[in-house]
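To start, the structure under review is shown below, and the notes come after it.
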There are 2 protein chains.
Amino acid sequence: MDKVGLFHFVAEPYLLDFRGRVTLPMIGNYLIHAASSHAGERGFGFDAMSERHTAWVLSRLAIEMREYPTAFERIDLYTWIDEVGRLFTSRCFELTDGKGKTFGFARSVWAAIDMETRRPTLLDAEALGRYIDPRPCPIEKPGKIAPAEGRAEGIPYTIKYSDLDINGHFNSVKYMEHLLDLFDIDRFKRQEIRRMEIAYMAEGKQGMPLTLHKAEVSEDHYELAICHEGKALCRAAVSWNG
Amino acid sequence: MDKVGLFHFVAEPYLLDFRGRVTLPMIGNYLIHAASSHAGERGFGFDAMSERHTAWVLSRLAIEMREYPTAFERIDLYTWIDEVGRLFTSRCFELTDGKGKTFGFARSVWAAIDMETRRPTLLDAEALGRYIDPRPCPIEKPGKIAPAEGRAEGIPYTIKYSDLDINGHFNSVKYMEHLLDLFDIDRFKRQEIRRMEIAYMAEGKQGMPLTLHKAEVSEDHYELAICHEGKALCRAAVSWNG
């Protein structure tokens, strides 16, 4: 089995945004699909993890786009393991059009949690390490994001049916969607998001009253957060092109 | 080219609801994908329509589910044209597991609108009629839905970036999502939606303040609507199993 996995998608017109471009949450879905399939094909996917009462949890994600795919464009998504630590493993992605153009890159950090205690478990460094590949991923690693809560007033939000994933927690891609929806639609007419980065910090559940925060750092750079009772469930950073 | 199209999907765990079942909006995406691909392969898809400055618009949709697919279940989706009229064509769907089990059926009604005037255009009855198939679709056709607005107070909603489709209008599947989110999460723990039906009546656009309405008809039957200034953009009916 190759170390690098390759997955194909097509930018379906009915899934595009009003500008006719693939959205960041949709790219998030592609990345998770590729990560999940790549892991499954190599024996450390959802099924194998479930048997050991563990599950992969996305801890950090950074997506950097040079250009967004448009209607019917082919997306060749490459994914590979970059690093394996004691508790975290890092996985990279490259999105191309299959004809030499790179749309963008992404980096993700994952933990394997125990399904009962929801605490991180030690990774099987040997099994995972076998698949580490040195393929370059020329974007900055996801890092620490300053708290937007406290600097920006919170917009109240109630968790709904469509927000929950199979574990009963706020879906990682839905976080992205709600955060992007804090920006005015008009901004998307003038500018493009160059980089979005999210740190998933705690699990959101049914009944938790949430607040959505967006703090301007500079004209084209924002820090965001989704909080429950003042505590961040996730923090994010968004950079628009100039 | 066969009259009936067959498309394959897999119920990906990261796209399931908190009960581990495929959601109705996700089924909506599958249906639209199948409809769009079936039409495209037969020469009346997005591209061919665009050349004539027309576009397909979903007018009505009814989905009736006996059982919802769960993690990794295979979904074989059949779609075919049922009727072709002057201004509307009706398309049916059957969702199976590929091993003899039917998950459910759906019926949809489509119009071809002129991209400039946004008014319905005459259908090419000959081109479409060639593909009519008598395959049975044993569910009621989508019908008239009584107005929920006026009977139920409206919850204000502002259209956001993620709600808009490639035409800059409120996305058909997003309507489903927002309507389902009017039900309490706990209800999904006890019951299943047997049938959901939507009539798309007017196009929702950026800047329109909306109201979401949900009226109880009987214990397990609801009528819903999304309105702008008291005028319905869409109406829906939802029946829960007893």
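Because the structure is a prediction, the values reported are computed rather than measured.
Only the side chain of B/Phe46 has a heavy atom closer than 4.5 Å to any heavy atom of chain A. For B/Arg187, no part lies under 4.5 angstrom from a heavy atom of chain A. Heavy-atom distances place no part of A/Leu182 under 4.5 Å from chain B, backbone and side chain included. With a 4.5 angstrom heavy-atom cutoff, A/Arg19 touches chain B only via side-chain atoms. For B/Lys189, the part lying near chain A is the side chain, with the backbone staying farther off; criterion is any non-hydrogen pair under 4.5 Å. Only the side chain of A/Phe188 comes within contact range of chain B, with at least one heavy atom under 4.5 Å from a heavy atom of that chain. Within the 4.5 angstrom heavy-atom criterion, only side-chain atoms of A/Lys174, from C-beta onward, approach chain B. If you measure heavy-atom distances from B/His33 to chain A, the contacts under 4.5 Å come from both the backbone and the side chain.
No more than 12 heavy-atom neighbours from other residues, nucleotides or ligands sit within 6.0 angstrom of CD on A/Glu153.
Highest contact tally toward chain B, considering only A/Phe18, A/Phe72, A/Phe183, is held by A/Phe18 [criterion: heavy-atom pairs under 4.5 Å]. When each of A/Ile185, A/Leu15, A/Ile32, A/Leu164 is checked for heavy-atom pairs under 4.5 Å with chain B, A/Ile185 comes out on top. Chain B forms the most heavy-atom pairs under 4.5 Å with one residue out of A/Asp186, A/Asp181, A/Asp165, A/Leu16, and that residue is A/Asp181.
Proximity of A/Ser162 to B/Thr23: side-chain heavy atoms (C-beta onward) are nowhere separated by under 4.5 Å. Taking the side chain as every heavy atom from C-beta outward, B/Pro69 and B/Leu95 never approach each other to under 4.5 Å. Taking 4.5 Å as the limit, every side-chain heavy atom of B/Thr158 sits out of range of all side-chain heavy atoms of B/Leu210. Using a 4.5 Å heavy-atom cutoff, the side chains of B/Lys205 and B/His169 are in contact. In this structure, B/Asp163 and B/Tyr157 have side chains that are in contact, with non-hydrogen atoms separated by less than 4.5 Å.
Remark: the A/Glu177 side chain and the A/Asn171 side chain contain no N/O donor-acceptor pair separated by less than 3.5 Å.
Taking B/Glu12 as the reference, nothing meets the salt bridge (charged side-chain N to carboxylate O under 4.0 Å, His left out) condition, with sequence neighbours excluded.
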